[in-house]
Amino acid sequence: MSYIHQSIDYLKQTSPCQSEFYQAVEEVLESLTPVLDSNDRYQKQAIIQRMIEPERQIIFRVPWVDDKGDIQVNKGYRIEFNSALGPYKGGLRFHPSVNASIIKFLGFEQIFKNALTGLPIGGGKGGANFDPKGRSDGEIMRFCQSFMTELYRHIGPTTDVPAGDIGVGAREIGYMFGQYKRLTGRYEGVLTGKSLLWGGSLARKEATGYGAVYFAQYILEDRNDTLKGKSCLVSGAGNVAIYAIEKLYQLGAVPVSCSDSRGTIFHETGIDLKLLKDLKEVCRTSLENYINTHPSAQYIPVSDYPKDGHAVWRFKANAAFPCATQNELTEKDAQALISNGCMLVCEGANMPSTQAAVDAFIAANIAFGPGKAANAGGVATSQLEMAQNASMQNWTFKKVDEKLKVIMKNIFDAANDTAKEYGQSGNLVVGANIAGFKRVAEAMIEQGIV
Ligand SMILES: NC(=O)C1=CN([C@@H]2O[C@H](COP(=O)(O)OP(=O)(O)OC[C@H]3O[C@@H](n4cnc5c(N)ncnc54)[C@H](O)[C@@H]3O)[C@@H](O)[C@H]2O)C=CC1
Ligand SMILES: O=C(O)CCC(=O)C(=O)O
């Protein structure tokens, strides 16, 4: 049995029932075959065994009181995966589906993503199986305070710096920061994605969506093409999707869809971005309300989705930006996109395409930007927020955005050049995995057996 398959077998025995985590590990390890075959140092140093085992896993109880006075209990997580390149860095997800498998897949991806940014940040992720949907502001605050009452002892500006992810935005970061400050008495850059009033960075809110579109632009540039005039399917209606849509408009493309957990909007003439922001950022309401203003747009409820995939990918368009959640784009969806003439898929979300879908895109020579490269603009800008906090500075939007563009270009170049070096020109999955892996593996070797 090969070294890679032994490692995957070991993982399945020691971390049972963690399918998303296995999926993320298998995808990376399969790409590493040429590196591991050509260099036995990594095997001798047990790099794979060490990388797939988190340095530390913190699982804790989060008790809180709802508006009716009833006691609720959730499960909280912080997985501190790898600190070879810097303090653990990665978001917190509040969603009912959160479990150890999901947080470990996200933490594992974060190691390579953060390495690709070239910035001094290690990989971590956390969250809770808390469902913010329908909860009052008071309930959200009490949950966040209880979550931080345990988390605060494990984090710090030079040890572990959480941020947002699904269900965690500026409001939740604010409540968690307030509780951290109350418990420690310290005002420091322990979280990123903070409000601009008290330590946040301009352009952090926009960074993941903008970064994914910059990445798409660099892929197309390399193929002598641009985004101008291209119709683009976007899934999601949260932080990443909204700012991907905004940047697509700025670059002359036409974003024609968005989705939330209840349904999909398809608006052939272009999504009304102002309305979308109002529905999701201000009113925090369902996308169903979009058609009250635009009756000519289509709304497809989840109950009408195809059994083998997602309605959003069955529309015809030039490009696709999955920006909602993991495994939201299946093999059948990939086939539908390919046969409808889609020529670019760029992942704003983490692992949104199933492995079979990724294989279909690569086989069809679709320009494909994998999430761990394409959505790295968010965490990279979080690191820029840390740098501003540490030096007590506030940079302009323009300065942060310029740095973001350079970082995304460097990530594209690293993935593209590495793919070429290993004889797989254009395969950015292989290129990103190998480039990220080598940076982390070399740092681990230099730091000894720890
Ligand atoms: N916020 C950030 O800076 C970064 C986020 N990401 C990834 O981007 C994706 C979206 O995150 P955000 O926009 O920050 O979250 P968000 O909470 O702002 O928005 C998430 C969107 O996805 C939809 N969604 C979530 N779970 C779903 C499900 N199970 N089925 C259908 N729709 C679902 C929600 O309705 C919402 O529209 C996630 O995969 C996240 O891990 C990746 C890099 C950075
Ligand atoms: O900004 C951060 O630290 C985390 C972003 C994140 O969670 C991600 O890249 O998936």
Side-chain angles (χ1 to χ4, degrees), residues 20 79 86-98 102-103 105-114 116-117 119 121-127 131-133 155 160-173 189-194 200-201 203-212 215 234-245 258-265 276-277 279-281 284-287 302 305 310-312 321-329 347-353 371-386:
E20 293 85 358
I79 309 282
Y88 310 104
K89 186 84 196 83
L92 298 170
R93 176 176 292 192
F94 292 167
H95 192 271
S97 64
V98 162
I102 301 239
I103 299 299
F105 113 66
L106 290 163
F108 186 74
E109 294 277 289
Q110 202 81 45
I111 303 171
F112 306 98
K113 181 193 309 193
N114 294 4
L116 283 167
T117 66
L119 300 167
I121 39 180
K125 198 85 183 192
D131 189 356
K133 213 171 285 165
I155 61 176
D160 183 352
V161 186
D165 189 80
I166 291 178
V168 178
R171 174 181 59 167
E172 291 74 21
I173 293 290
V190 69
L191 293 164
T192 60
K194 298 184 291 295
S201 172
R204 172 61 188 92
K205 182 175 70 174
E206 293 82 357
T208 311
Y210 277 23
F215 195 84
V234 178
S235 66
N239 173 260
V240 180
I242 287 174
Y243 292 95
I245 289 174
C258 57
S259 66
D260 64 14
S261 53
R262 295 196 192 145
T264 292
I265 289 287
L276 176 63
K277 284 188 181 181
L279 291 175
K280 289 298 179 183
E281 294 186 333
R284 298 176 189 269
T285 185
S286 164
L287 274 181
V302 168
Y305 281 11
H310 195 307
V312 71
F321 290 81
C323 295
T325 192
Q326 65 276 356
N327 293 326
E328 55 162 323
L329 196 163
E347 296 185 328
N350 284 309
M351 208 170 73
S353 311
K372 66 170 82 63
N375 73 34
V379 74
T381 307
S382 275
Q383 198 279 343
L384 303 180
E385 183 173 326
M386 289 165 70

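From a predicted model like this one, the values you see are computed outputs, not experimental measurements. When a ligand or atom number is given, it counts from 1 through the structure's own listing order.
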Cys258 versus Gly236, closest heavy-atom pair with distance: CB-O, 3.3 Å
Heavy-atom closest pair, residues Pro132 and Gly167: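 So the two residues come closest at CG-O, 4.2 Å.
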Ligand 1: protein residues within heavy-atom distance under 4.0 Å: Arg93, His95, Lys113, Asp165, Ile166, Gly167, Arg204, Thr208, Gly236, Ala237, Gly238, Asn239, Val240, Ser259, Asp260, Ser261, Cys323, Ala324, Thr325, Gly348, Ala349, Asn350, Asn375
Does a side-chain heavy-atom distance below 4.5 Å link [X] with [Y]?
X	Y	answer
Leu276	Ile265	no
Met386	Thr192	yes
Lys277	Tyr243	yes
Val161	Ile155	no

With Lys280, the side chain to side chain donor-acceptor pair (under 3.5 Å) member among Asn239, Asp260, Thr285: Asp260
Given Gln326, Glu109, Gln110, Lys113, the one that forms side chain to side chain donor-acceptor pair (under 3.5 Å) with Asn350: Lys113
His95/Ile102 under side-chain contact (heavy atoms from CB on, under 4.5 Å): CA gap, chis, key distance, verdict: CA-CA 11 Å; His95 192 271; Ile102 301 239; over 6 Å; no
Residues in contact with ligand 2, criterion: heavy atom under 4.0 Å: Lys89, Gly90, Gly91, Gln110, Lys113, Lys125, Ala163, Gly164, Asp165, Arg204, Asn350, Gly378, Val379, Ser382
